[in-house]
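Please read the structure below before turning to the comments.
We name chains A, B, ... by the order of the sequence lines, and we start the count at 1 in each one. Computation of the quantities below employed the complete heavy-atom set of this structure, encompassing side-chain atoms and omitting hydrogens, waters and symmetry-equivalent molecules. None of the values given here were measured: they were computed from a predicted structure.
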Amino acid sequence: MKRLLTIALLALASATPGVADNVDLVTLPNRDTVQLTIYNSADLTMVRETRHVTLKKGRNELQFSWANTLIDPTSVEFRPRRHKDKIELQTTVFPGQKSQHLIWHIDSKVEGQVEVEVSYFTSGLTWQMDYVAVTDPAEETMRFTGHVRVSNRSGEEYDNAQVRLIVGKVNLVEQIAKLARQRGMTPPAPKSGRYSRLRKEAAEKAFARAGVAGGKRRDEARIIKEGVSEYFMFTVDGHETIPNGWSKRMPAVRASKTKFDIVYRLREHQYGPRPVRFFTWKNDEEHKLGDSPLPNGRVRLFRENGRDGLAYLGEQLVRYVPIKAPVEVNLGPDDLIVAELTKGKTTRRAFRFDKHQRVNGWDEEAAYMQTVRNYRNKPIRFELRRVFGGDVELTPELESTLFDYRTLDTKFNVKPRDKTEFRYKTLTHFGANKKQNRVTLK
Amino acid sequence: MRRFLLLFLLALLARPVAARVKLAALPRRERVEIRLDHGRFTLVEEERIVPLLQSTDRRGNNRVDFSWANTRIDKNSIQFRPIAIRDQGRFRPLRDGEVKVINVSYPPNENALVWEVFSAKACALKVRVSYLISNLTRRFAYRALANNDETHLTLRKYLRISNWSGEGFGEAGVWAGFGPTFRRKIGNQQDLKLLIQRFERVPIKKTFTFDWYTYGALNPAKPLASKVRLHYELQNRRKDGLGAYPLQPGKVRIFIEDKRGGEAFLGEDWARLTPIDDKMRLFLGEARDVICTRTIKSNQRHRVHGNLFHQELVLRYEIENYKKTPVTLDIVERMNRIAQQYGRAPKGGAEWIGGEQTTPALRITTERGHALPVLHATVPAAGEKPQKHVFEFHFTIKNLW
C-alpha cells in the first residue's frame, strides 16, 4: 500500500526551489489509522487517514502522492489534528513534472511530531447487501440474515481500516473516477479500456502482496447502525483489512422466528398471466427487525425441507426498505395454485343508431368466472387485481374495492385442496353509449 | 472429484505475506445431498468434518477456503453452516459461542472464498456447505402400458438426471421434491435414468375430440370431415392408485398390450404438471375409426334494425363409428369464428342462444367459456352394417353488425 499512496516529508523542507526536481529525498511517515466511508449509491468512498509527521517552525513542505489509484485530486485535504491554530496550510502545489503528486506548503508555529489528518475521495470501493432467509418446513417463521459485502477494486490496499457504509443517495456532479485523472493525460472514461487497465495494473501490484483477508479477531464484527440526516450509516465495529481485488462479507442484520405471510397475487398487467407467490413481512420490531433500514440487496429464500436439509425457493432483488415498511419477495408462479378465467354468457342491448341507421352505440353485459384452485395442503390468501378498459359497471359477487379508476381489487381465501369461484358481471357501454373511461362498482 | 471441487482448511494463517500460499488439510465429503425439487435450480448440500484450532489473539481465527474449478457454482449462493461438534467421540449440536462464522472473503479472479471461523477450542466441526450448481438437471419421463381393453394402465415414472456440471458425486442422496431420498453415485458427464414410482391399474378414460376450426379438413376426399383426436384421461387421485404427489411434467410414452402377450406403441405426449386430484390428458394420435362430417345445413340472416342483424345457423354432424364399442365424441365449436365466417366478426365475445330443434341427444357444456361450447354426441358401436348417426345443432348468433 505504501508504495501506492505515500505522504512524505521533504527533507529539503525549506523555501528552496529543489522540491519540484526529479530527485527528492523524503521520509515516509506511516499511516496510523484509516477510516473508509463507502457510499453505495455512487462510486464514492471518503478515506480519512491519520499520520504523524515531524514539523519544524516556519515553512514545511509535505508531498502527497497516489500513484496508480483512483483518487480525486481535487478532494485531497490536509488538517492538523492538534495545534490547529498554530499549523496552517498555506498553498497546495500540483507539480507539472510529476503526475499524481501534490505538495502542501505548511506554516507551523510548533516544532516536533504532530498528528495530521488527510482525507480524499476515491473510487473503486463498493458495498452491497444480500440477505438469506430460511423458513421452517411449515413456512410460518424464518431466520433472516443480512450481510454487507465490501469490495475493494480501488487499486489500493486498506489494512486495519474502520469501515463505515452509507445507505442513501448522494448527489455528485462529476464522477470520482473521472476526476482521478493523471496530470498531463486525458482522463480515462470510467468504462474505457484505459480505466480498466489502470485498475487492473494497480490491483495486480497490490495483489502480489495480498494475503488472505482478515486480521486477528476473536469474534464477529458488530455493525453499529445510526441515522445521519437522510442517510443511514452502518459502522463495522473494529477494523477490517480489505486487500485490493478482494471482497469481504460480514453479517449485519439478524433475526430469528420472524413471522411472515404468504399471499398469492394475480395481476396480469404487473406479473403476467399466472398467480405469483409472495412472502411478506415488515421491517419492524414485531418481526424482530426494524433497527435499521434494509438497503438494496438480493434476498435468497430457502426452506428447511424437514429432511435435514434445505430446499431452494427463489431469490429477488429488494429495493431499500425503510424501518417499519413492508418487505415483499416475489417467488414467481406456483404450480400448485391454478387460476382460470372463463367468460360466460354475453348479451348486447341498448343499441343506438346513427343517421345512416348504423349501430354506433351499445351496451354489453357479460358474466365472468375467476376460478382459483388450491392444490396445496394449506389455505391460501389470494389477491386479484384486474384492469378494465372503457366505461364499465362491475357487479362482483365477493366484496371488492377499486384500486384505481379502472382496476378491480378483490381479496379472498381458498381452502386447502379446494377451489374458490369468484363471479362478476360487467356492463360495458360502447360507442355513443360510452360516457366515461372508468369502472363503477355496483 | 477432488480435482474439480476442493475444500481447504487453512489452519490459523494469521497474516500471510505471500499471495495465497496455502497449507491445506483436505476434509473429505462425509455426505452429499442433491436437491432437485426446484425445477430451475439444483441445490447441492455437502457435509464435511473440518478440524479447527482454538482461536487466539496470537494466531487469530481459522480460515476455511472453499474453491472449485471447471464447475459452475453460483458463488453468491454458497452457504456455510456449522451444524455439530465432536465431543467425546460423538457429534452433538453446537452451543452458543462455541463456533462462529465471522465473515467470508472473496479473492479476486478466483473461484474461491474464505470463511473466517472463530472456535472457542480445538475441535472437529461438522459443517454443511450448500450451493446452487448449473448443468446438473433433472427431467421426468413416464411409460404407460394400457391393457388391451383400454380401461386401465400401468404407469412407470422415471427420473432422469443429467450431470454435466463438471463435478461428480459419489453416493449422493438425491431428492426429486417428493417421495423418499435415494442414494446413487452420479458421475460427471453421466445421465442416469431411475425408476422412481410404479402405479398399477390406473383407470383411464378414452376420449374422442372433433375441432373443425383447429384441425381443418381431414383429406381432399373428405373435405367436410376433420380429424378426430384421441386422448387418454387419468386422474391423479388416491381412488385411482395415484394422488400421493403431483405428477411432474415430462414425456409420456404410451404402449398397449396386444392379445399375444406383446406390446404396441400407441404414441407419446408431454404431460403437464398434474397436481393431486387434477386430470392428466394425454394425446395419443388420431382415431381413424370414428369419422365426423360437419355441414352447415342452414344459414339465415335476420335483420333487426339498420345494420343490426341476427345470424341463425344449423350445423349438422354425421358421425360414423366403425368401432366395436360405443363412442362419445366431444365436438368443439368456436362461436366467434362461426360469427366471423357466416355473419360479422363480433364486437367482443359472440352472443348466442341455442335453438329448440337441436338434437336432444346432443349434450352441450360451456365449461371452457360461453363462446366455446362443447357438444357431446354418443354413438353406438358398429353393428353388422355401420350406420351414420346425425345430430343437429341449432343456434342464433345475435346482434351482429
Side-chain angles (χ1 to χ4, degrees), chain A residues 130 132 147 149 151 153 203 207-221 240 244-251 298 300 302 305 307-315 335-336 338 342-349 351 353 356-359 362 364 366-367 373 375 417 428 430, chain B residues 10 13-20 33 35 37-38 41 43 45 55 57-61 63 65 76-77 79 100-109 114 116 118 130 132 175 177 181 246 273 275-278 304-308 347-351 366-371 398-399 401:
Chain A
D130 72 273
V132 175
H147 303 90
R149 181 165 161 177
S151 302
R153 292 180 187 86
F207 180 58
R209 293 175 296 111
V212 175
K216 288 178 197 172
R217 167 96 54 58
R218 296 294 306 277
D219 207 348
E220 68 188 46
E240 294 296 331
N244 184 42
W246 284 66
S247 300
K248 190 174 243 189
R249 183 171 177 258
M250 295 159 277
R298 191 160 285 279
R300 288 187 175 80
F302 297 86
N305 61 10
R307 299 165 164 269
D308 195 22
L310 297 180
Y312 179 68
L313 297 177
E315 63 183 63
D335 288 334
L336 297 180
V338 179
T342 47
K343 188 175 181 183
K345 200 167 181 180
T346 305
T347 51
R348 294 187 181 85
R349 54 188 163 81
F351 288 97
F353 299 87
H356 304 293
Q357 297 302 304
R358 292 191 197 114
V359 176
W362 72 98
E364 180 187 297
R373 285 182 281 153
Y375 291 106
R417 297 277 178 84
T428 311
F430 288 99
Chain B
L10 297 185
L13 276 175
R15 299 293 295 157
V17 288
R20 302 268 292 147
E33 299 287 329
R35 317 285 183 193
D37 50 323
H38 197 290
F41 301 95
L43 181 72
E45 292 194 283
S55 299
D57 283 338
R58 190 173 63 82
R59 292 181 299 199
N61 287 323
R63 286 179 178 78
D65 188 320
N76 295 312
S77 72
Q79 310 286 326
K100 270 186 189 172
V101 181
I102 305 300
N103 60 47
V104 53
S105 299
Y106 301 82
N109 308 319
V114 184
E116 186 180 339
F118 164 81
S130 315
L132 298 177
W175 191 57
T181 300
L273 177 90
I276 294 168
D277 297 333
D278 204 2
V304 180
H305 184 93
N307 63 341
L308 188 68
K347 315 285 188 292
E351 175 187 353
T366 54
E367 283 170 8
R368 295 165 66 182
H370 191 68
K398 298 183 75 178
N399 297 321
W401 66 95

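Separating the CG atom in Leu132(B) from the OH atom in Tyr312(A) is a distance of 5.0 Å, to the nearest 0.5 Å. Here the CG atom belonging to Leu273(B) is positioned 4.5 Å from the CG atom belonging to Asp335(A), to the nearest 0.5 angstrom.
With sequence neighbours left out, Glu351(B) forms a side chain to side chain donor-acceptor pair (under 3.5 Å) with Asn399(B). Among residues two or more places apart in sequence or in another chain, the side chain to side chain donor-acceptor pair (under 3.5 Å) test is passed with Arg348(A) by Glu364(A).
For chain B, no part of Phe430(A) is nearby; none of its heavy atoms comes within less than 4.5 Å. Looking at Asp130(A), there are no atoms closer than 4.5 Å to chain B (heavy atoms on both sides), in backbone or side chain. Contact of Arg300(A) with chain B is made through the side chain alone, with heavy-atom distances under 4.5 Å. Neither the backbone nor the side chain of Arg298(A) has a heavy atom closer than 4.5 Å to any heavy atom of chain B. Both the backbone and the side chain of Ile276(B) come within less than 4.5 Å of a heavy atom in chain A.
Of the residues considered (Val304(B), Thr181(B), Leu43(B), Asp277(B)), Leu43(B) shows the highest number of contacts with chain A, using heavy-atom pairs under 4.5 Å. Heavy-atom pairs under 4.5 Å with chain B peak, among Thr428(A), Thr342(A), Val338(A), at Thr342(A). Counting heavy-atom pairs closer than 4.5 Å to chain A, the top residue among Glu367(B), Arg368(B), Lys347(B) is Lys347(B).
With Ser130(B) as reference, Glu45(B) is the one residue of Gln79(B), Glu45(B), Arg35(B) to meet the side-chain hydrogen bond (donor to acceptor under 3.5 Å, both in side chains) rule.
Ring-plane geometry between His305(B) and Phe353(A) is classed as tilted, the angle between the planes lying from 30 to 60 degrees on a 0 to 90 degree scale.
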